[in-house]
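Read through the structure below, which is laid out as structure tokens, and then see the notes.
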Amino acid sequence: MSKRAYSFGAAILGIILLASGLVAVKIDLLPDAAQALPYVLVGIGSGMFGHGMGEILRKRSLKNRPDLQREIEIAEKDERNIAVGNRAKAKAYDVMIYVFGALLLAFCVNGY
């Protein structure tokens, strides 16, 4: 499967999930246990549509600019940029450990 087909597939599947979630919200035939399902479908559908359309638009904008496309590929493969990205991910992970711990503690205190 090519990258182009994947992008179009993600965009189309996103539209389908988004539409089915919106229809499920309007119809309101789901049992009480599945009331959150339409909102999950809307969230996943909009995320997939955004990702697919973003890739399609990025490819289309770079189609007539091979020099800019090559420059972007070099910047993505640069070892210094990869090292900086890895350090940023590590710091974000360290911060999230404390944030999730505080969040869990807050939920326990509130009785949820």
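Only a predicted model underlies this, so the values are computations on that prediction, with no experimental measurement involved.
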Fill in the blank from the handout: Taking every heavy atom of P38 against every heavy atom of G21, the minimum-distance pair comes out as CB-O, 3.5 Å

Problem - Option among L17, L37, L18 that satisfies the side-chain contact (heavy atoms from CB on, under 4.5 Å) test with V42 - result: L18

Handout entry: ILVMFWY network linking L13 to V40, side-chain heavy atoms under 4.5 angstrom
Key = yes

Exercise for the section: Could you grab the distance from atom CE of M53 to atom CE of M48, nearest 0.5 Å is fine? Expected result: 14.0 Å

Exercise for the section: Examine L41 and F49 and state if one hydrophobic cluster contains both, with Ile, Leu, Val, Met, Phe, Trp and Tyr joined whenever side-chain heavy atoms are less than 4.5 Å apart. Expected result: no

Problem - Side-chain donor or acceptor of N81 paired with backbone N/O of A75 under 3.5 Å - result: yes

Practice task
State yes or no: do Y6 and L57 share one hydrophobic cluster built from I, L, V, M, F, W and Y residues joined by side-chain heavy-atom distances below 4.5 Å, directly or via other members?
Solution key: no

Less than 3.5 Å apart, which donor and acceptor atoms pair up between the side chains of residues 67-74 and the rest of the protein, not counting sequence neighbours?
none

Fill in the blank from the handout: Taking every heavy atom of G43 against every heavy atom of S46, the minimum-distance pair comes out as O-OG, 3.0 Å

Exercise for the section: Provide the closest heavy-atom pair for I56 versus S7 in the form atom of the first, atom of the second, distance. Expected result: CG1-CB, 3.7 Å

Practice task
Check the hydrophobic clustering (I, L, V, M, F, W, Y; side-chain heavy atoms under 4.5 Å; chains of links allowed) and say if V95 and F100 are grouped together.
Solution key: yes

Handout entry: ILVMFWY cluster, I15 and L22 together (side-chain gap under 4.5 Å)
Key = no

